[in-house]
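A short write-up of the structure that comes next.
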Amino acid sequence: MSSSAAAHPAHENQLSFVRQYIFSLDHKVIGKQYLFLGMFMALAGGLLAYLLRWQLAWPESAVPGMSWIPEPTMFQGIIPPEFYNAIVTMHGTIMVFFVAMPILLGAFGNFLVPLMVGAPDMAFPRLNMMSFWTIFTAAMIMLASFFVPGGAASAGWTGYPPLSADAVYTGVNWGITLWILGLALEFASFLMGGINFLTTVVSMRAPGLKMMRLPLMVWMQIVAAVIFMLSVGPLIAGAVLLLLDRTVGTSFYAVQKGGDPLLWQHLFWFFGHPEVYVVLLPGIGAVLEVLPVFSRKPIFGYKAIVYSTIAAGFLSFIVWAHHMFVSGMDFDLVMPFSITTILISVPFTIILLAMIATLWKGAIRLATPMLFALGTLMVFIVGGLTGIFLGSASADIYLHDTYFVVAHFHYTLISAVFFGGFTAMYYWFPKMFGRLMNETWGKIHFALTLVCFNLVFIPLFKAGLGGEMRRLYNPFEYDFLKPHQGLHQFATIAAILLMIAQLPFLVNFFWSMFKGKVADRNPWQANTLEWAAPSPPPHGNFDTAPSVYHGPYVYSAPERKEDWQPQHQPH
Amino acid sequence: MSTVAATENYSDNVMPIGKMGIWWFLASEIMVFGGLIGSYILYRLASAGAWAEMAHHVSTTIGAINTVVLLTSSLTMVLAHAAVEDENRQRAKLYLGLTVLGGILFLIFKAVEYTTEISHGFTPLAGTFWSFYFTMTGLHGLHVIGGIIANLALFVMAARGTLWPNTQKRVEYCGLYWHFVDVVWIFLFPLLYLSY
Amino acid sequence: MSNTAHARPNYVAVWAWLVFLLIISLAAVYLPFSQTVTVSLIFVVAAVKAFLVVVNFMHIRMEHRLVHLIAIVPVIFFIIMTMALIPDIVYNR
Ligand SMILES: [Cu+2]
């Protein structure tokens with residue numbers, strides 16, 4: 001036997017507070033650390049969203065409640081153009097790298113992967129702890145960059161050179177250097193995390209848990225980990241080159257000295273497109289876990305889903321240039337990348353069809369996790385369909401860099417991160433904290449979120465179709481965009497309501513953590529292994545190491561009295 | 001280690017976790033160096049004349065000597081692994097020590113090279129080739145330093161006898177990494193020292 | 001998993017081959033070949049050397065199928081990426 005975490009003593013009472021809650025080796029504690037970090041960063045990213053939405057609705061007017069921010073960042077609540085650029089840059093960076101990834105992979109991946117494969121902990125607990133403290137450092141660097149001279153990075157979340165390569169263009173020097181540093185640490189953190197996930201799944205599965213018996217959430221997590229691992233390398237190399245351009249004065253991206261700024265765009269999107277799936281797949285995984293449980297039916301087409309996911313993962317590496325149709329790249333590349341992009345909708349269509357077919361004739365229970373799962377499905381379909389327009393070059397040349405793109409990627413990412421994340425949160429909360437969340441408040445939260453979210457982003461589709469470019473400080477300086485102000489004011493009010501709609505969740509979350517109804521082991525009558533452990537599971541997870549006898553989705557089997565059949569129970 | 005597939009479905013037996021972890025790590029490393037090498041190749045193809053002029057000033061001799069040094073330390077590394085498997089602790093210690101020495105020798109040659117080049121005015125700012133040259137060999141050098149530290153730790157453990165009975169597998173894992181660093185150099189050598 | 005059961009390659013002989021290949025690539029540069037021949041020769045030699053190291057020193061043959069995939073798939077993605085960038089970075093400066 002290998003020297004794994006297998007032999008963890010279960011006497012956590014003897015550990016000091018620091019070892020138990022701060023420098024913990026327990027994958028569940030680390031998962032919760034990721035969760036709280038992600039939620040905290042979501043507050044920061046949400047504050048930035050509020051600022052930029054306000055600027056777009058009522059440009060250059062004082063943002064309510066923000067007059068305390070000192071000059072030269074803001075002037076009595078008025079956002080200057082330089083700070084607006086920093087706001088949009090950091091909103092994107094924080095939301096993708098410090099909210100979506102920590103919550104969906106860091107928190108739920110860490111918490112669920114060992115439990116779902118029946119392992120006592122991650123393969124490398126120390127590495128796991130290190131990966132959390134690395135991303136924590138990265139997050140602090142990102143936040144600190146707002147306070148250095150010149151302010152935070154303002155070259156867009158994509159950091160295109162020459163904007164990002166030289167301070168003369170943006171006036172931001174330290175901010176962008178810290179931004180690159182923070183991202184590099186974030187990448188390192190998730191590489192460590194990915195190695196841990198993959199090794200745990202390959203080498204620490206419970207007896208009988210064949211790969212084709214893994215819960216789909218685990219499949220999604222490992223495919224996401226592989227995609228991240230293989231796509232981030234070139235960007236790390238590119239970031240090293242960018243950092244050298246900024247600090248040493250090399251000219252990898254400086255066109256006047258023999259460099260090529262397009263190289264960065266290629267390296268960035270070679271990572272950037274797979275990255276979308278890195279955050280998308282775990283969200284879909286949560287939905288795929290919830291649908292069979294709450295319709296009391298086996299998942300439709302388990303193998304088709306697994307193979308489609310792998311196919312989508314592979315295809316995600318050969319579509320990246322669809323982000324660059326108007327970058328001036330070689331015209332011969334346009335057609336192939338259009339084709340591969342539209343091809344990638346095939347595996348996702350299969351997954352979506354499998355989801356819908358799972359619901360067909362099921363005994364559907366509309367509990368909060370199920371509602372959010374259905375919401376994910378709905379929002380993701382809109383996101384996916386609008387992606388087809390952007391994938392075909394002829395439409396993209398018109399729509400590129402407009403609010404249509406903004407609306408499209410918020411539909412795809414928010415479906416996964418927000419709706420998928422809440423699906424996971426409401427579903428696994430009893431396992432994480434040993435108590436149930438309040439259903440009524442959950443349903444109110446869902447209804448408000450779904451309505452407000454659509455009200456924010458549907459107007460932006462229209463603004464984009466009207467030709468409005470994103471990243472404009474004050475769009476209404478242009479006559480032809482003046483009629484759009486109403487759309488933006490509508491979207492901003494809806495966005496503020498969307499943020500207020502999260503209050504019921506926050507209250508519910510913290511209240512239920514301490515005062516909620518105590519949950520038993522398996523409150524949803526689900527099959528997967530995490531429900532075989534106590535709620536919440538102790539250090540070391542299972543009372544007795546489980547063995548697995550069948551797949552994870554045996555529901556409503558006619559020969560059984562109960563309509564579920566846990567994976568660890570023999571027939 | 002128990003033999004493979006005795007209990008066919010208990011998957012821990014497919015591969016020890018240490019080895020699995022190292023291989024995933026190497027996969028991500030391939031992509032990091034791949035991105036760098038790919039960028040270099042593309043820039044090299046794009047600018048023919050001036051580049052060859054710059055590339056003429058590297059020392060092929062030191063590069064070739066360093067290749068031999070690194071190949072040899074790869075050999076001693078794999079011999080250390082073999083010694084560990086044969087339970088020959090004395091030889092394991094010897095070969096681990098030689099591997100560390102090989103890594104240090106490589107860095108010494110590299111330092112000599114860097115100083116000569118910089119003293120002749122070929123700094124990282126002397127042109128795109130030199131920027132790439134210092135970035136690529138620098139990143140590779142950092143990996144060599146990492147390997148030296150890891151091997152040194154194993155050497156100390158072997159000397160103290162604490163490598164056995166639980167952690168001798170680390171020699172194999174460290175070896176995988178060390179050979180990978182060697183493979184990277186095998187490609188860097190023709191890319192940087194031979195293609196002018 | 002004990003590898004001792006398998007026949008162990010003659011490591012020193014492999015090393016000798018590697019050094020010999022290094023000499024070939026040096027010869028390719030100093031002998032009056034055309035540029036095409038030189039360039040293809042040195043990179044073929046590098047590929048063979050890498051193959052020898054991976055097969056004999058890293059023992060990849062004895063490993064699980066998954067390890068083969070882990071080693072090959074990144075290389076394929078690297079090649080795809082570099083090839084796809086040729087029209088853009090090389091010809092369209
Ligand atoms: Cu994309």
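Every value quoted in this text rests on a predicted model; they were computed, and no experiment measured them. Chain letters run A, B, ... following the sequence lines, proteins first and then strands; every chain starts at 1.
- The shortest heavy-atom contact between C:Leu26 and B:Ala64 is CD1-CB, 3.8 Å.
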>> Quick one, B:Leu191 with C:Phe43, criterion side chain to side chain contact (heavy atoms under 4.5 Å, CB included). Give me CA distance, side-chain angles, the key distance, then yes/no.
In response: CA-CA 8 Å; B:Leu191 282 168; C:Phe43 286 105; 3.6 Å; yes
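- Among all heavy-atom pairs drawn from C:Phe77 and B:Met31, the shortest one is CB-CE, 4.0 Å.
- In terms of heavy-atom pairs under 4.5 angstrom with chain B, the leader among C:Ile42, C:Leu66, C:Leu85 is C:Ile42.
- The two residues C:Ala71 and B:Trp23 make their nearest non-hydrogen contact at CB-CZ3, 4.1 Å.
- For a residue to count as touching a neighbouring chain, one of its non-hydrogen atoms must lie under 4.5 Å from one of that chain's; by this rule C:Ile60 touches chain B with the side chain only.
- If you tally non-hydrogen atom pairs under 4.5 Å between each of B:Gly175, B:Pro190, B:Ser39 and chain C, the highest count goes to B:Pro190.
- In this structure, chain C has no heavy atom under 4.5 Å from any part of B:Ser28.
- Interface remark: B:Met20 contributes side-chain atoms only to the contact with chain C (heavy atom separation under 4.5 Å).
- Using a 4.5 Å cut-off between heavy atoms, B:Phe33 does not touch chain C at all.
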> Taking it one step at a time, do B:Val183 and C:Lys49 satisfy side chain to side chain contact (heavy atoms under 4.5 Å, CB included)?
Replying inline: CA-CA 8 Å; B:Val183 168; C:Lys49 275 161 76 184; over 6 Å; no
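- Residues C:Tyr11 and B:Leu75 share a closest heavy-atom pair of O-CD1, 3.4 Å.
- With rounding to the nearest 0.5 Å, the separation of CG in B:Leu70 from CG in C:Leu22 is 11.5 Å.
- For C:Ile23, no part lies near chain B; criterion is any non-hydrogen pair under 4.5 Å.
- With rounding to the nearest 0.5 Å, the separation of CD in B:Glu172 from CE in C:Met58 is 10.5 Å.
- Each of B:Ile37, B:Thr72, B:Asp182 has some count of heavy-atom pairs under 4.5 Å with chain C, and the biggest count is that of B:Thr72.
- Contacts between C:Met81 and chain B at a heavy-atom distance below 4.5 Å involve the side chain alone, from C-beta outward.
- When the candidates C:Val45, C:Val67, C:Val53 are compared by the number of heavy-atom contacts under 4.5 Å with chain B, C:Val67 comes out ahead.
- Distance check, rounded to the nearest 0.5 Å: CD1 of B:Ile41 to CD1 of C:Ile89 gives 13.0 Å.
- Contact of B:Ile30 with chain C is made through the side chain alone, with heavy-atom distances under 4.5 Å.
- A pairwise comparison of heavy atoms in B:Gly34 and C:Phe78 identifies O-CE1, 3.0 Å as the closest pair.
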>> Working note: B:Asp86 + C:Arg8, criterion salt bridge (Lys or Arg N to Asp or Glu O under 4.0 Å); need CA distance, chi angles, decisive distance, verdict.
In response: CA-CA 12 Å; B:Asp86 298 345; C:Arg8 205 178 267 167; 3.0 Å; yes
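- Across all non-hydrogen atoms, the minimal contact from B:Gly38 to C:Thr82 is CA-OG1, 3.8 Å.
- Top candidate by heavy-atom pairs under 4.5 Å with chain C, chosen from B:Val68, B:Val184, B:Leu79, B:Leu71, is B:Leu71.
- Residue B:Leu176 touches chain C through both its backbone and its side chain, counting heavy-atom pairs closer than 4.5 Å.
- Contact of C:Val39 with chain B is not made at all, since no heavy-atom distance falls under 4.5 Å.
- Atom CG of B:Leu26 sits about 9.0 Å away from atom CD1 of C:Ile70, to the nearest 0.5 Å.
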